[in-house]
Amino acid sequence: MNAVPTIDLNDGRTIPQLGFGVFQIDPAETVEAVSRALDVGYRHIDTAEMYGNEKEVGEAVRGSGLDRSEVFVTSKLNNGFHRPDDARRAFDRSLSDLGFDYVDLFLIHWPLPTLYDGDYVSTWKTLEEFQRDGRARSIGVSNFQVDHLRRLAAETDVVPAVNQIELHPYLLNEEVRAYGEAHGIATQAWSPIAQGEVLDDPAITAIADRLDRSPAQVVLRWHIQRGSIVFPKSTTPARIKENFELFDFRLEPDDVETIAALDRGEAGRTGPNPDAFAYVPA
Ligand code: NDP
């Protein structure tokens with residue numbers, strides 16, 4: 001009843017379409033949250049060096065009694081490390097913090113087009129090395145705009161397996177999603193419920209009431225039916241469970257359209273604009 005579908009990636013691998021995100025989970029709470037998620041049935045965890053909780057994610061996966069191969073784990077290259085040698089050291093550190101000899105997916109977290117002479121191309125070629133040596137089973141990008149993806153296509157050999165972008169009912173990010181679909185790049189929707197902002201929308205609560213589901217379940221199901229990969233974050237046990245219960249109901253095509261019509265374009269963005277974002281942690 002609750003089998004999570006998988007999405008085929010362009011490198012021959014597969015990824016569970018539903019996972020668990022750990023952004024803004026305090027390291028001290030991460031082992032408990034991830035362990036609970038694995039208990040509920042999640043088999044895909046999305047972390048990043050930037051989140052400061054890779055160690056605890058690794059600890060929870062190892063402590064779960066599951067085989068490493070049963071859990072799909074993603075991490076990301078932090079913004080301070082785009083230069084190839086820095087990226088190599090940062091990747092070594094991520095693996096060592098996680099306590100793994102490979103990650104299932106490794107992403108460039110942000111393109112940072114205004115930093116590093118706008119060079120995310122040599123960074124991408126460095127991720128290609130990690131894939132060749134088997135320590136990153138799949139590689140991808142995050143927050144890349146169409147221009148950035150076009151440039152990678154023109155200057156490198158490997159098409160990213162995924163692009164992880166802000167995407168929810170208030171920001172459809174349609175141009176970027178459609179480019180991905182046309183070029184075999186799977187879309188991962190970050191902040192899939194806009195950190196809770198969309199849950200009071202009357203259009204969403206009306207559908208939720210009719211289907212006797214929660215607004216979060218309706219929005220997450222909407223993503224699933226549109227083919228995006230999602231990993232909602234929660235540290236609340238009941239919500240961790242609720243967010244996993246998406247596969248015993250369906251939205252009607254009209255409901256999918258009604259939710260898509262809530263798009264506010266750029267005004268719906270809750271996070272930074274990737275063209276301008278230039279934050280490098282101290
Ligand atoms: P989400 O859209 O997943 O929302 C999380 C928030 O919603 C939390 O405050 C949580 O509260 C609340 N919530 C979760 N489930 C429910 C529910 N069923 N009902 C009501 N409220 C709920 O936001 P995130 O920004 O965390 O995005 C998800 C993941 O995406 C991240 O954890 C991270 O892995 C990834 N991400 C990637 C980014 C990137 O740049 N690549 C940027 C941002 C996120 P509580 O925990 O208190 O239950």
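Just so you know, ligand 1 is whichever comes first in the structure, and atom 1 is the first atom listed for that ligand.
- Polar contact with ligand 1: absent for Leu199 (N/O pair, distance under 3.5 Å).
- Protein heavy atom nearest atom 40 (O) of ligand 1, with residue, atom name and distance: Asn143 ND2, 3.0 Å.
- A side-chain donor from one of Tyr170 and Asp201 sits under 3.5 Å from a side-chain acceptor of the other.
- With no hydrogens or angles considered, a side-chain donor-acceptor pair links Asn53 and Thr47 at under 3.5 Å.
- Protein heavy atom in closest approach to atom 24 (P) of ligand 1: Ser191 OG, 3.6 Å.
- Considering only non-hydrogen atoms, atom 23 (O) of ligand 1 lies nearest to Gln195 out of Glu245, Gln195, Glu197.
- Heavy atoms of Phe20 come nearer than 4.0 angstrom to ligand 1 in no pair at all.
- Within the cation-pi definition used here (under 6.0 Å to the ring centroid, within 45° of the axis), Arg68 qualifies as a partner of Tyr102.
- Cluster annotation: Ile193 and Leu171 are assigned to distinct hydrophobic clusters (Ile/Leu/Val/Met/Phe/Trp/Tyr, side-chain heavy-atom contacts under 4.5 Å, transitive).
- Within the 4.0 Å heavy-atom shell around ligand 1 one does not find Gln24.
- Inclusion of Pro232 in the set of residues having an N or O under 3.5 Å from an N or O of ligand 1 is not warranted.
- In this structure, His168 contributes its side chain and Val219 its backbone to no donor-acceptor pair below 3.5 Å.
- For ligand 1 and Thr236, the ligand atoms under 4.0 Å from any heavy atom of the residue are 45 (P), 47 (O), 48 (O).
- The nearest protein atom to atom 26 (O) of ligand 1, hydrogens excluded, is given as Lys233 CB, 3.2 Å; this is a heavy-atom distance.
- Looking only at atom types and distance, the side chain of Asp255 has no donor-acceptor partner in the side chain of Trp222 under 3.5 Å away.
- Of the N or O atoms in Ser214, none lie within a sub-3.5 Å distance of an N or O in ligand 1.
- Contact record, Asp26 with Ala28: OD1-N, 2.8 Å, taken as the closest heavy-atom pair.
- Looking only at atom types and distance, the side chain of Glu166 has no donor-acceptor partner in the side chain of Ser191 under 3.5 Å away.
- Considering Trp124, Phe91, Phe100 as possible partners of Phe106, the one that fulfils the ring-ring contact (aromatic ring centres under 6.0 Å, His included) test is Phe91.
- Note on Leu98: it clusters hydrophobically with Tyr42, by side-chain heavy-atom contacts below 4.5 Å among ILVMFWY residues.
- Transitive grouping of hydrophobic side chains (ILVMFWY, heavy atoms separated by less than 4.5 Å) keeps Val71 and Val31 in distinct clusters.
- Backbone and side-chain nitrogen or oxygen atoms of Asp46 are examined, and one is located within less than 3.5 angstrom of a nitrogen or oxygen of ligand 1.
- For ligand 1, the atoms sitting less than 4.0 Å from at least one non-hydrogen atom of Ala194 are 2 (O), numbered in the order shown with element in parentheses.
- In this structure, CG in Leu211 is found 12.0 Å from CZ in Arg250, a value given to the nearest 0.5 Å.
- At the shortest separation from atom 29 (C) of ligand 1 among protein heavy atoms lies Phe231 O, 3.3 Å.
- Under a 4.0 Å criterion applied to the non-hydrogen atoms of Trp110, ligand 1 contributes the atoms 40 (O).
- Each of the atoms 39 (C), 40 (O), 41 (N) of ligand 1 lies under 4.0 Å from some heavy atom of His109.
- When hydrogens are left out, the protein atom nearest atom 32 (O) of ligand 1 is Phe23 N, 3.0 Å; that is the closest non-hydrogen contact.
- Taking every heavy atom of Ala216 and a limit of under 4.0 angstrom, the matching atoms of ligand 1 come to 17 (C), 18 (N), 19 (N).
- For atom 12 (C) of ligand 1, the nearest protein heavy atom (residue, atom name, distance) is Arg239 NH1, 4.0 Å.
- Looking from atom 7 (O) of ligand 1 to the surrounding protein, the closest heavy atom is Ile193 CD1, 3.5 Å.
- Comparing Thr74, Ile240, Asn243, Val198 by heavy-atom distance to atom 18 (N) of ligand 1, the nearest is Asn243.
- Scanning all protein heavy atoms for the shortest distance to atom 43 (C) of ligand 1 gives Trp190 CE3, 3.2 Å.
- With 3.5 Å as the limit, one finds a donor-acceptor pair spanning the side chains of Ser138 and Asp11.
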